[in-house]
Protein chains: 2
Amino acid sequence: MSDKNRKKSDIISVAKTARVSPSTVSRYFNHPELLKLATRRRIERAVRKEGYIRNRAAQTIHGIRSGTIGVLVPTIDHTIFAEVVQAFSDAVAEEGFTILLASHGYDQQREYAILRKFLEHRVDGIALTGLDHDEAVFQLIESQSVPTVMMWNYAADSLYPSIGADNELAGRMISQHVLSMGHREVACLFAPGAGNDRAKARSRAILNTLADAGVDVPQDWQLTTVYSVSESKRQAFALFSSTKRPTALICGNDILATGAIYAAAKAGLRLPEDISITGIGDFKGSSEFEPGLTTVRLPARRIGQRAGLTLAAAIKDPEADRTGAHCAPELVVRGSCRAI
Amino acid sequence: MSDKNRKKSDIISVAKTARVSPSTVSRYFNHPELLKLATRRRIERAVRKEGYIRNRAAQTIHGIRSGTIGVLVPTIDHTIFAEVVQAFSDAVAEEGFTILLASHGYDQQREYAILRKFLEHRVDGIALTGLDHDEAVFQLIESQSVPTVMMWNYAADSLYPSIGADNELAGRMISQHVLSMGHREVACLFAPGAGNDRAKARSRAILNTLADAGVDVPQDWQLTTVYSVSESKRQAFALFSSTKRPTALICGNDILATGAIYAAAKAGLRLPEDISITGIGDFKGSSEFEPGLTTVRLPARRIGQRAGLTLAAAIKDPEADRTGAHCAPELVVRGSCRAI
DNA sequence: GTAATTTATGAAAACATTTGCAAAACTATT
DNA sequence: AATAGTTTTGCAAATGTTTTCATAAATTAC
């Protein structure tokens, strides 16, 4: 494509080979309709010959948008966030944006530091996960007045547009279903709530709903485990091996439920005859268990896409609608939770 | 943190409030050791007061590194790539880089377009997935002479440092194991090879190894399916329901194997008594099935980390060692493949 | 207390662009 | 062929930094 472009080519060198001024080359890219066809042709050839690639950094310092969006998730390698990020990325790529991605591992300090970095790169917008963030994070966003959305969790009164599911509702839905199937002896397996408002909202809602129905979950049936199949398998196995077993186990998410299902198999329990298990999330694959996992679908792809679209719109038009959106969770009844 | 910074603060405004010159502020950030303690203090206060955030775009046009690395994967929401990206991101974050992430969905045209975008952003380095890319992609990288690594797949003679596993070896390992367990009636379930050199290498190696041992896989036992639990479940179920069943099913990756396991359960086959199933990858969770999945571990995290470290080193020191690294696959024998 | 060093700071040029304004080159009109 | 109007282009200033070079200030040596 080029022979001796050892000297990186810039707009000036392109101008030279096209025998026009740098400004004209700039216009070629930004307002091509202002150029005479012949000039356009000439420049096009020069660009090609030089293998010139525009320098967004140089544009950015003119207040022109950087074309990047900072996306901040707790971790990338959980199905659920991976899906959100994928959908988000696809949505904004459509609009010409590229994402800067980073994960904070549920560490609020790191979240702040990463946010600063994003801002140094002059991202045009920011997508955070969850509604719960350090005060400094909010201040930073406020002071830089950069368009922001909060993904994953929904609350009507959030400070910035939130696009996600109502996790409390999800918790309520699954526990109501379990109750409606006649279960009274219910155990719970939750992810830790620290720095994770989603997990917190779910466990709160589940426990409350059960309590309201007069079902009391004893302390030793309220298990907590990190987000990991093997850990939840271990914990659930211990639970299933104890003398008194619940008839149903409500898990805070599908990954934990997966562990519980394996634990049941290991303990020789039949699903759902001996034990009912439910999840939250409806991750890819949850429908494929035998029997399928009864769960509440949190529409990850829809959330990611919607969040991306909303943010892109807010960036392009500061007057755009900045209200969030609730991507409603949906009860998915499969075979893993039976009626008593 | 600030009242009336409606006018975005730059290095000049900071200089003004600190009563020093802009150059001094610049030095405060880049060579603080050159400043007198008192001056440093003064500037620090001004920075804080103004809520100033450095502008990397402005630095970048001075040829200073942008601090970004472009990462290009086929898709983000496959466990395996998510893991690689997570590890990669962590590794380079350590060195001060932020990643620009995009996915091309196995579309070579899109890969090229995304690469151009990365280059417009003046990424300091590029990480691609796999060794197989469009000629134009290589030309672009060559002409911009930007440090590049290729992740996931390993080949000693690759054009750019490759950090990953030898997928052919992985295929050989698993089929040798299956053979050593005495299986002669073997079926295969592969991911499509188009635009995916990893999948291609595996299926080739598996078929060859089997053939060398005199085991011929009939055409209708060579199944191909997209990367999806439900699709592979469907296909495997069909296979299991036909009159003549293999004694073992070798799957091109763990996701496909997962589908096959569910299919077996659905078909009422016992694992491994009635059917042996193997995967490749050893994804998170593969060890937790009952029985655990026999597979070949491809060390995703190690690959991502290693790739990140290698690239970061190449960026920081152009003379750095640019040889790739083979992260050896490793046979993981669990219960899903029995001896006949 | 002065000269010679060393250290800390500032001025100005450079980086790769964009853009407002003005000049040049066309077209259309007479 | 001259004029008015329009379209196309170039000049120069601006953007937010870094860096080289020069100078001022502080320190040390005598």
Side-chain angles (χ1 to χ4, degrees), chain A residues 5 7-44 46-47 50-68 116-117 119-124 144 146, chain B residues 5 7-44 46-47 50-68 116-117 119-124 144 146:
Chain A
N5 52 354
K7 4 231 86 272
K8 63 272 212 110
S9 97
D10 57 10
I11 213 176
I12 295 183
S13 70
V14 171
K16 240 167 228 156
T17 49
R19 314 203 144 278
V20 294
S21 76
S23 358
T24 307
V25 178
S26 170
R27 273 188 280 261
Y28 166 77
F29 285 112
N30 300 304
H31 315 283
E33 73 284 359
L34 292 182
L35 298 198
K36 222 156 82 182
L37 197 84
T39 327
R40 230 180 300 171
R41 286 266 160 73
R42 212 132 40 86
I43 295 177
E44 188 187 338
V47 166
E50 299 238 342
Y52 169 70
I53 293 189
R54 304 173 73 184
N55 186 335
R56 283 209 92 127
Q59 307 182 247
T60 301
I61 65 171
H62 284 269
I64 289 167
R65 291 199 299 259
S66 69
T68 57
R116 276 198 82 93
K117 225 166 223 163
L119 261 10
E120 288 186 1
H121 286 292
R122 294 299 187 264
V123 293
D124 298 326
Q144 301 299 116
V146 45
Chain B
N5 51 355
K7 0 236 88 262
K8 63 267 215 114
S9 95
D10 57 9
I11 211 175
I12 296 182
S13 70
V14 171
K16 239 166 229 158
T17 49
R19 316 204 141 275
V20 296
S21 75
S23 357
T24 306
V25 178
S26 171
R27 272 188 280 259
Y28 166 77
F29 285 112
N30 300 303
H31 315 282
E33 74 283 0
L34 293 182
L35 298 198
K36 223 157 84 182
L37 197 84
T39 327
R40 229 180 300 173
R41 286 266 161 71
R42 212 132 38 86
I43 296 177
E44 188 187 338
V47 166
E50 299 238 343
Y52 168 70
I53 293 190
R54 304 172 73 183
N55 186 336
R56 281 210 94 126
Q59 307 181 247
T60 301
I61 65 170
H62 281 270
I64 289 168
R65 292 198 299 259
S66 69
T68 57
R116 276 199 81 92
K117 219 158 230 171
L119 261 11
E120 288 186 1
H121 286 293
R122 295 297 188 264
V123 292
D124 298 326
Q144 301 299 117
V146 45

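Lettering of chains follows the sequences in order, A, B, ..., and the numbering in each one begins at 1. Note that the structure is predicted; figures quoted are calculated from it, not measured.
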Margin query: Regarding A:Y52, tell me which of base, sugar-phosphate or nothing describes its non-hydrogen contacts under 4.0 Å with the strands shown.
Written below: sugar-phosphate
Checklist line | Exam field: side chain B:T17 to backbone B:S13, donor-acceptor pair closer than 3.5 Å | finding: yes
Margin query: Could you work out, with side-chain contact (heavy atoms from CB on, under 4.5 Å) as the rule, every residue matching B:R19, not counting sequence neighbours?
Written below: B:R42
Checklist line | Nearest-Å distance for atom pair NE2/P, residues A:H121 and D:dT17 | finding: 14 Å
Notebook entry, point to check: How many Å lie between CD1 on A:I12 and C1' on D:dC11, as a whole number?
Noted result: 13 Å
Tabulated below should be each protein N or O lying under 3.5 Å from an N or O of nucleotides 20-23 of chain D; please produce it.
none

Item checked: Nearest-0.5 Å distance that lies between atom CZ in B:R41 and atom NZ in B:K36 -> 13.0 Å
Notebook entry, point to check: Between B:Y28 (OH) and D:dT17 (C1'), how many Å, whole number?
Noted result: 17 Å
Check: Does A:R54 have any side chain to side chain donor-acceptor pair (under 3.5 Å) partners at least two apart in sequence or in another chain, and if so, which?
Finding: A:N30
Notebook entry, point to check: Which distance, rounded to the nearest 0.5 Å, do you find between the CD1 of A:I53 and the CD of B:Q144?
Noted result: 4.0 Å
Item checked: Residues forming a side-chain contact (heavy atoms from CB on, under 4.5 Å) with A:R40, sequence neighbours excluded -> A:Y28, A:P32, A:L35, A:L37
Notebook entry, point to check: Which atom names give the shortest non-hydrogen contact between B:L119 and B:V146, and what distance separates them?
Noted result: CD1-CG1, 4.0 Å
Next item on the list: Go through D:dT17, C:dG10, C:dT17 for me and flag the one nearest to the B:N55 side chain.
Entry: D:dT17
Checklist line | For DNA chain D, the residues among residues 59-68 of chain B that have a non-hydrogen atom under 4.0 Å from it | finding: B:Q59, B:I61, B:H62, B:I64
Next item on the list: Would you mind classifying the nucleic acid contact of B:V25 as base, sugar-phosphate or nothing, using non-hydrogen atoms under 4.0 angstrom?
Entry: nothing
Item checked: Axial bend angle, the helix from C:dG1-D:dC30 to C:dT30-D:dA1: five-pair end segments, nearest 10° -> 40°
Next item on the list: Using heavy atoms and a sub-4.0 Å distance, could you list which residues of residues 31-43 of chain B are near DNA chain C? By number, please.
Entry: B:L34, B:L35, B:K36, B:T39
Margin query: Quick check on DNA chain C: between B:R122 and B:R19, whose nearest nucleotide comes earlier from the 5' end?
Written below: B:R19
Item checked: Distance in Å, A:K16 NZ paired with A:D10 CG, rounded so as to fall on 0.5 Å steps -> 8.0 Å
Item checked: Residues in side chain to side chain donor-acceptor pair (under 3.5 Å) contact with B:S23, at least two apart in sequence or another chain -> B:S21
Note to self: Tell me the closest heavy-atom pair linking B:A15 and B:P22, and the distance in Å.
What the structure shows: CB-N, 3.6 Å
Checklist line | Pairing residues for B:T60 by the side-chain contact (heavy atoms from CB on, under 4.5 Å) criterion, not counting sequence neighbours | finding: A:A57, B:S66, B:R122
Next item on the list: Send over the distance from B:R56 CZ to D:dT18 P, rounded to a whole Å.
Entry: 10 Å
Notebook entry, point to check: Rounded to the Å, how far apart are B:I11 CD1 and C:dG10 C1'?
Noted result: 13 Å
Next item on the list: Using side chain to side chain donor-acceptor pair (under 3.5 Å) as the criterion, list what pairs up with A:N55, not counting sequence neighbours.
Entry: none
Check: Which nucleotide sits closest to the side chain of B:R54: D:dT17, D:dT18, C:dA16?
Finding: D:dT18
Check: Below 4.5 Å, heavy atoms only, C-beta onward: do B:Q59 and B:R56 meet side chain to side chain?
Finding: yes
Next item on the list: Not counting sequence neighbours, which residues clear side chain to side chain donor-acceptor pair (under 3.5 Å) with A:R65? List them please.
Entry: none
Margin query: If you assign B:A58 and B:S21 each to the DNA chain C nucleotide with the nearest heavy atom, which residue ends up on the more 5' nucleotide?
Written below: B:S21
